[in-house]
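To keep things clear, I will list the structure first and then write my remarks on it.
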Amino acid sequence: MIALLILSIFQIQCFVSKPDTLIIISADSEWVSIKKTLNIDSKIILHSPYGEYFSYTLKNKSGDDKATLFLQGGWGKIDSAASTQWAITEFSPTSVINLGTAGGFIGKIKEGEILYVNQTVVYDIMERMGDSEAAIRHYTTDIKSHEVDLAKLNQITGLKFGTILSADQDIDPNHLKFLMNKYHALAGDWESASIARICTKNQVPILILRGITDVVDPNRGSRTYGNLSDFQKQTEMIMAKELDLLSEFL
């Protein structure tokens, strides 16, 4: 009986420490939505220095079971970078997926669509002793394609491919035209660039899917600015949609 108990504990530890895929969720509203959609029992939740995490078995498109670990990475560039490195060091995942939300750029992408990120740019670097553009280029990450059939993904309605801009701020409508023209991006968020850079530095494949909760307009701003409850409602819809897509990438 004791031997069986020890074996059971060992199996649980192995499952937690060696997931096929680490799935990082950043913002608090995104994490709450994920737990609600998956109906997570609080008893299976563990804690890291950056938030909660739990193990969960998902099926890929072939119907095979895949061991995943969902991690609350925290919002903003600092915690998202630190938690990504912590999880890679702690669990040695085969790959990383970041699911989350973003603000879309008017005319580039629509509310409810999902951005498959192929490049991340940190645009809020202000270098006053040297060249800001050189610094921004240094922290730009080109993401190699996940092991998926891109031609097949192109057939998925509402899935877009492109660049996302990251900063520790929401997109300023007054700067939107400049950002769109300069970086040819489709959306903006707070964490994608940090997560992509850390994964690339560790040579761990990274896939980022960011759903559009709102579209920023240079004249009218965004429907969610000053309206947190609307953002939370939109987030719940986006996270459920991204979970439905996950089987394509596991």
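The nearest pair of heavy atoms linking Ile206 to Cys199 is CB-CB, 3.7 Å. Across every non-hydrogen atom of Ser83 and Leu71, the tightest pair is O-CD2, 3.8 Å. For the residue pair Gly100 and Ile238, the shortest heavy atom distance occurs at O-CG2, 3.9 Å.
For the pair Gln72 (side chain) and Glu52 (backbone), a donor-acceptor distance under 3.5 Å is present. Listed for the Ser80 side chain is no donor-acceptor partner under 3.5 Å among the backbone atoms of Gly73. Using a distance-only test at 3.5 Å, with no hydrogens or angles considered, a donor-acceptor pair links the side chain of Asn181 to the main chain of Lys177. Remark: the backbone N or O of Ile136 is paired with a side-chain donor or acceptor of Thr140 at under 3.5 angstrom. One N or O on the side chain of Glu242 and one on the backbone of Gly211 form a donor-acceptor pair closer than 3.5 Å. For the pair Asp168 (side chain) and Gly76 (backbone), a donor-acceptor distance under 3.5 Å is absent. Here the side chain of Lys66 pairs no donor or acceptor atom with the backbone of Asp20 at under 3.5 angstrom.
Asn202 and Thr200 are not linked by any side-chain donor-acceptor pair at a separation below 3.5 angstrom, with hydrogens and angles left out of the test.
Note: Tyr116 and Phe249 have tilted aromatic rings, judged against thresholds of 30 and 60 degrees for the angle between ring planes.
Checked against side-chain contact (heavy atoms from CB on, under 4.5 Å), Asp65 has the following partners two or more places apart in sequence or in another chain: Thr57, Lys59. By the ring pair (Phe, Tyr, Trp, His ring centres under 6.0 Å) test, Phe70 is found to be paired with Phe54, residues two or more places apart in sequence or in another chain being considered.
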(message) Using side-chain hydrogen bond (donor to acceptor under 3.5 Å, both in side chains), reason through Ser26 and Glu30 one step at a time and then give a plain yes or no.
(response) CA-CA 7 Å; Ser26 301; Glu30 297 164 358; 4.7 Å; no

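The side-chain hydrogen bond (donor to acceptor under 3.5 Å, both in side chains) contacts involving residues 182-195 comprise Ser166-Asp189, Asp170-Trp190, Asp189-Ser192, Asp189-Arg210, Glu191-Arg210, Ser192-Arg210, where partners must be two or more places apart or lie in separate chains.
Arg137 contributes atom CZ, which lies 6.5 Å from atom CD of Glu133 (distance to the nearest 0.5 angstrom). Between atom CD1 of residue Ile23 and atom CG of residue Leu58 there is a gap of 5.5 Å, rounded to the nearest 0.5 Å.
Taking the six-membered ring for Trp, Trp75 and Tyr50 have ring centres at least 6.0 Å apart.
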